[in-house]
Number of protein chains: 2
Amino acid sequence: MQDIARKVGVSPMTVSRALRDGTSVNAQTRDAIRQAVEELGYVFDSTAANLRQQRTGFVAVTIPSINNANFADTVRGLSDGLKAHGLQPLLGYTDYDIEQEEILVEQLLRRRPEAIVVTGGQHTPRCRRLLQSAGIPVIETWDLPSEPIGHVVGFSNADAAAMLVDHLVTSGRRRIAFVGGEAGGDFRGADRRAGFVAAVKRRGMDVTRLVDAGKAPVSMREGAIATRTLLEYAPDTDAIVCVSDLVAFGALTECQRMGVDVPGQIAIAGFGNYEVAQISVPPITTIDPFPERIGRQAADIVLQALGLETGAAAWSARLEPQLLVRASAPR
Amino acid sequence: MQDIARKVGVSPMTVSRALRDGTSVNAQTRDAIRQAVEELGYVFDSTAANLRQQRTGFVAVTIPSINNANFADTVRGLSDGLKAHGLQPLLGYTDYDIEQEEILVEQLLRRRPEAIVVTGGQHTPRCRRLLQSAGIPVIETWDLPSEPIGHVVGFSNADAAAMLVDHLVTSGRRRIAFVGGEAGGDFRGADRRAGFVAAVKRRGMDVTRLVDAGKAPVSMREGAIATRTLLEYAPDTDAIVCVSDLVAFGALTECQRMGVDVPGQIAIAGFGNYEVAQISVPPITTIDPFPERIGRQAADIVLQALGLETGAAAWSARLEPQLLVRASAPR
DNA sequence: CTGAAAGCGCTAACAC
DNA sequence: GTGTTAGCGCTTTCAG
């Protein structure tokens, strides 16, 4: 800034003012400064401004995996909501591991974000402490934590799974299997599985058809392999609930390879409303958790908590995922 | 740090030393400091350290879309490569728009990243200038720019498309179509299309079968719709090269819905080796551009350019995408 | 091994 | 509308 100031013949303070808006600077001076900036190729140093103002414009975001269309949609909704207010997401991923989450969260907090949006409500004790005492808004998403740290934008994964079971039973299925990941870091997947088990038991049906397809994130291929195993051991299965649409698509393709008719012999349902589930043949019955909306709502809460936006202050939002009945598991 | 220092009875300087490693501090003092840090819930402020050291530990990264498994893989490869050296990716996306890229790049440079990794080699003039004069390593990826700004980790998209044409012709196809996005922000898609056109012309065949499926990113659904249009206007088409596997999967499903045999009547090829192409029925012939490897190589170049890693200094890397022949377009 | 002084590049607060 | 002073929370440098 000093270089610019010298060149234009003003003080650095005037340069500082000219580069922001909402500050009063002589119009000619401002133009001259802007021109000098371009000529010298000066790029504003926000690290210094951040330190002085004690404001970074960062919003920390953690997701389990960057390679997941659902979480990517949430990040997109969040980013787009923040962009208008000059906030920048600072993204990290945990690989579905709360130990890694702890490390990541600490790393992110060192950057002094103004808010932090995390996926899920399960954290290590130290991670909880870090979040609680960070002195910034904390938003947990994609879940309904029993003891929220701060704000929540989520839904019941268990209820969503139960919706699928209900639908399948209503449409006449009785021997329903669940294909998901092994108990591990994917707490939302585990919750779906728990919801499945509860719903099946509630109806007095068997809960023997539970297949672990591998560690999260479970791939299409793993879904296919698990389905083959399932159908070898329990060939009379008449419906499969999958932990995600990716697994469901794997199951669908495996049925096609095995010559099993979907939905004639077996109905298949997934979770997430991924694009592949909309367009596969047949398209896959699923639950839409509205991932982008989760991100948008989180952004709204952040903006309100930071006083950047006025309006009805939502502390938290419980979303209602929607059942999408398609040909893989029709009515 | 002062609070900690007071509590332990040392100077802030000693605290600063104790919290870093490779510095000499009395072992007991260090333990006492570490304990005080936990008790007081102190979290190191890296914004201040960054300013003082003129090092942020950020590596800026721009991708066209966050919701794309290929670019996500590149980011993963990059992140994983950087993590070991304490560097943190600072990610932004451009929505396939070089104007947005310019804005994003400037925004990112204000954060004083130590290197910047961008997707593609097409930029606005001002964006080029910003990158050139940023004084940090610049890595362009996913393309082979005619005038690179700095480092490059990429491949020829045109050659990749030509490989597919060659394969299809070798396997007896003659009336080959291309389904892709409209001329616009997706320069890699445009390059594939150009490579397709050149390869088809080289063999003296028709280049009338070019279908614009919409703006990038082209979805599975848009691929399906475009394929329907194509087959209505040119029902004698015997092969389709798609700008991505997602489009190819859309094409495949549309053929299934229309009762067109794949590969009997029409062969389908995609690009990207997305998971859906591995497991669909039939699996889809494609090109694997090794997205994660692109990220890893970019990370290696960044680390070497910053002097964090010694070894054979690769200035740039030209990768060779691999043709994967599958049942949708067999030999 | 430890401490004191200075300063990274910017801006709040106060003068004029 | 513009300039001066001080300081954000760290770390480099130098002294002990």
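Chain A is the first sequence line, chain B the second, and so forth, proteins listed ahead of strands; every chain is numbered from 1.
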Looking only at side chains, do A:Thr29 and A:Arg17 share a donor and an acceptor under 3.5 Å apart? no
Please determine, for the side chain of B:Met1, which listed nucleotide (D:dT2, D:dC10, D:dG3) has the closest atom? D:dC10
Please give, in whole Å, the distance from D:dG1 P to A:Asp31 CG? 14 Å
If you check every side-chain atom of B:Ser16, which of C:dT11, D:dG9, D:dT11 has the closest atom? D:dT11
What is the distance from CZ of B:Arg110 to P of C:dC10, rounded to the nearest Å? 11 Å
Taking the side chain of A:Leu51 as its heavy atoms from C-beta onward, which of C:dC10, D:dT2, D:dG9 lies nearest to it? D:dG9
For a side-chain contact (heavy atoms from CB on, under 4.5 Å) with B:Ile116, tell me which candidate from B:Val59, B:Val105, B:Ile139 qualifies. B:Val105
Rounded to whole Å, how long is the line connecting atom CG of A:Asp3 with atom P of C:dC10? 10 Å
Here the distance between atom C1' of D:dC8 and atom CZ of B:Phe44, to the nearest Å, is 14 Å
Counting neighbours of NZ on B:Lys215 that are heavy atoms of other residues, nucleotides or ligands and sit closer than 6.0 Å, is the number greater than 12? no
Start at the 5' end of DNA chain C and walk down; is the nucleotide closest to B:Ser11 or to A:Gln53 reached first? B:Ser11
Is the ring pair B:Trp142/B:Phe71 parallel, tilted or perpendicular, if the boundaries are 30 and 60 degrees? perpendicular
Nearest-Å distance for atom pair CD/C1', residues B:Gln2 and D:dC10: 11 Å
Under 4.0 Å between a Lys/Arg side-chain N and an Asp/Glu carboxylate O for A:Arg34 and A:Asp31? no
Pick base, sugar-phosphate or nothing for B:Arg17, based on heavy-atom distances below 4.0 Å to the nucleic acid. base
Regarding the side chain of B:Met13, the nearest nucleotide among C:dA12, D:dC8, D:dT12 is D:dT12
Shortest side-chain distance from B:Thr14, nucleotide among D:dT2, C:dC10, C:dG3: C:dG3
With sugar-phosphate meaning primed atoms plus P, OP1 and OP2, does B:Ser46 contact a base, only sugar-phosphate, or nothing at under 4.0 Å between heavy atoms? nothing
Is the phosphate of D:dG9, meaning OP1 or OP2, less than 4.0 Å from a side-chain N or O of A:Gln54? yes
For A:Leu109 and D:dG9, give me the distance from atom CG to atom P, rounded to whole Å. 16 Å
Distance in angstrom units between B:Tyr42 OH and D:dG9 P, rounded: 10 Å
Among the nucleotides C:dT11, D:dT12, D:dG3, which one has an atom lying closest to any side-chain atom of B:Arg20? D:dT12
Rounded to the nearest Å, what distance is computed from the CZ atom of residue B:Arg52 to the P atom of nucleotide D:dC10? 14 Å
